[in-house]
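Structure first, then comments.
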Amino acid sequence: MQKLEKQDYKFVVVLGVIGYFLAVGTQLLGTHFVGASLASLLNSLNPISMYVFAVLFAQERLSFQKILSIFICIVGVLIIVGKGENLHIFGIVLSVLSVIIWSFVSVGMKRIMLKYPPIQITCYGVGIACVCYLPISIWEYKSGSEFLWSGNVLVLLLYMGAICTGLSYLMWNKSLSILNASTCSIFYPLQPVISTILSVLFLQESISWSFILGSLCIIMGVFINLYGMKGKKYVQIQEG
C-alpha cells in the first residue's frame with residue numbers, strides 16, 4: 001500500500017464523493033424512474049461526454065476514427081434498445097447528469113491512477129462513498145422502507161457489492177491507468193449487448209433481429225476504435 005501524498009487526498013475525496021456517490025447514486029435513481037432499457041441507452045452517451053472532457057482537460061487529440069466508432073456504437077445501442085417506453089423527464093435528467101459526472105471524474109482521475117495502485121484508489125473511493133451512503137440508508141430505514149431479508153437477497157447483495165461494484169471499479173481504474181479515458185469509454189455501448197445475452201442465458205428471453213443488427217454495429221464500432229491502437233503504445237509508465 002503506497003502512502004498518499006498530501007496534495008492527492010482531494011482527488012481521492014472527489015472520486016469517492018462525486019464519482020462513486022453522486023454519479024452512481026444519480027444513475028440508480030435515473031434507472032428507477034425511466035427503466036433499465038432507456039437507462040442503458042442514456043448510459044451509452046458516456047463515450048461522447050468522456051471524449052469531450054478528455055479533449056478539453058486531458059489534452060487528448062481529436063480523432064475522426066474515435067468519433068466514427070462512437071457514432072456507430074450509439075447507432076447500435078439505439079437499434080437494440082429502441083425509443084423506450086417510460087419517458088420520465090426527471091429520470092432522464094438524472095441519467096444524463098450521471099453520465100456527465102462520471103465522465104468528468106474518470107478523465108480527472110487519470111493522473112492519480114498513474115501514480116498509485118488501482119486497488120488502493122478503488123478501496124479508498126468506495127470507502128468514502130460508503131460513508132456518504134450511510135446516512136441515506138439510515139433515513140430510508142427510518143422512513144419505513146421495507147426490506148425483506150432472505151438467502152437469495154443476501155447472495156445478490158454480496159454479488160453486487162463484490163463483483164458489480166468492487167471488481168468492476170477496480171478493473172475500470174486499472175484500465176484508466178493503461179489506456180486513454182476516451183478509449184476506455186468506447187466499451188460502454190457493450191452493456192446492452194451483454195445484458196441481453198445474459199437475459200437469454202438465465203431468463204430464457206429471445207433474441208430479435210434488432211439485437212443482432214445493433215450488436216454488429218457496436219462490435220464494428222469497438223473494432224474501429226481498437227484497430228487504431230495497433231502499433232501505438234498506450235501503456236503509461238509512471239515517472240520515477
Side-chain angles (χ1 to χ4, degrees), residues 1-36 39-40 42-43 45-46 49-50 53-54 57-58 88-149 153-177 181 184-185 188 191:
M1 196 71 72
Q2 188 175 340
K3 185 178 180 180
L4 287 178
E5 297 181 9
K6 186 177 181 180
Q7 66 271 18
D8 293 329
Y9 278 98
K10 58 180 179 291
F11 293 105
V12 176
V13 173
V14 166
L15 177 63
V17 176
I18 299 181
Y20 295 162
F21 175 61
L22 287 181
V24 175
T26 50
Q27 180 188 26
L28 294 175
L29 284 174
T31 303
H32 172 75
F33 287 111
V34 303
S40 296
L42 295 172
N43 196 45
L45 295 173
N46 261 294
S49 59
M50 198 170 295
F53 282 124
F57 301 111
H88 195 292
I89 186 64
F90 183 59
I92 292 176
V93 171
L94 286 174
S95 297
V96 174
L97 181 61
S98 171
V99 168
I100 294 173
I101 295 174
W102 182 252
S103 299
F104 177 76
V105 170
S106 294
V107 173
M109 289 299 106
K110 174 71 177 180
R111 184 183 305 173
I112 198 171
M113 295 305 172
L114 295 173
K115 197 171 183 180
Y116 302 99
I119 189 170
Q120 179 181 357
I121 300 301
T122 302
C123 290
Y124 287 164
V126 171
I128 293 172
C130 287
V131 174
C132 296
Y133 279 117
L134 185 59
I136 298 178
S137 300
I138 295 175
W139 174 79
E140 286 186 339
Y141 179 78
K142 294 291 185 179
S143 65
S145 299
E146 294 185 5
F147 190 86
L148 302 177
W149 286 98
V153 170
L154 182 59
V155 171
L156 289 174
L157 285 175
L158 291 174
Y159 175 79
M160 291 175 61
I163 306 300
C164 299
T165 303
L167 183 59
S168 63
Y169 286 165
L170 174 60
M171 291 190 293
W172 177 256
N173 291 338
K174 180 62 177 179
S175 299
L176 284 177
S177 69
C184 294
S185 68
Y188 265 97
Q191 180 181 354

field: Step-by-step side chain to side chain contact (heavy atoms under 4.5 Å, CB included) determination, Y169 to L15
entry: CA-CA 11 Å; Y169 286 165; L15 177 63; over 6 Å; no
- prompt: Passes side chain to side chain contact (heavy atoms under 4.5 Å, CB included), L4 versus Q120? Steps please.
  reply: CA-CA 10 Å; L4 287 178; Q120 179 181 357; 4.3 Å; yes
task: Would you please test Y20 and C132 for side chain to side chain contact (heavy atoms under 4.5 Å, CB included) and show each step?
output: CA-CA 10 Å; Y20 295 162; C132 296; over 6 Å; no
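When all heavy atoms are compared, the tightest approach of A23 to T26 is O-OG1, 2.9 Å. Between P118 and L170, the closest heavy-atom pair is C-CD1, 3.7 Å.
For NZ of K10, the number of neighbouring non-hydrogen atoms (other residues, nucleotides, ligands) closer than 6.0 Å is greater than 12. F104 CZ: 12 or fewer foreign heavy atoms inside a 6.0 Å radius.
Formation of a donor-acceptor pair under 3.5 Å by the S98 side chain with backbone atoms of L94 is not found in this model. Under the 3.5 Å distance criterion, the side-chain polar atoms of S95 are left unmatched by any main-chain donor or acceptor of Q27. A side-chain donor-acceptor contact under 3.5 Å links Y133 to the backbone of F21.
A side chain to side chain contact (heavy atoms under 4.5 Å, CB included) with D8 holds for exactly one of I121, V13, I112; it is I112.
Of the inter-residue distances, the one linking L156 atom CG with C164 atom SG reads 9.5 Å to the nearest 0.5 angstrom. The distance from the OH atom of Y124 to the CD1 atom of I128 is 9.5 Å, given to the nearest 0.5 Å.
Side-chain contact between Y116 and F11: absent, with no pair of heavy atoms (C-beta onward) separated by less than 4.5 Å.
Scanning for side chain to side chain contact (heavy atoms under 4.5 Å, CB included) contacts around I163 gives Y159, L167, with sequence neighbours left out. Legend: residues meeting side chain to side chain contact (heavy atoms under 4.5 Å, CB included) with V96, ordered by chain and number and at least two apart, are L42, I92, I100.
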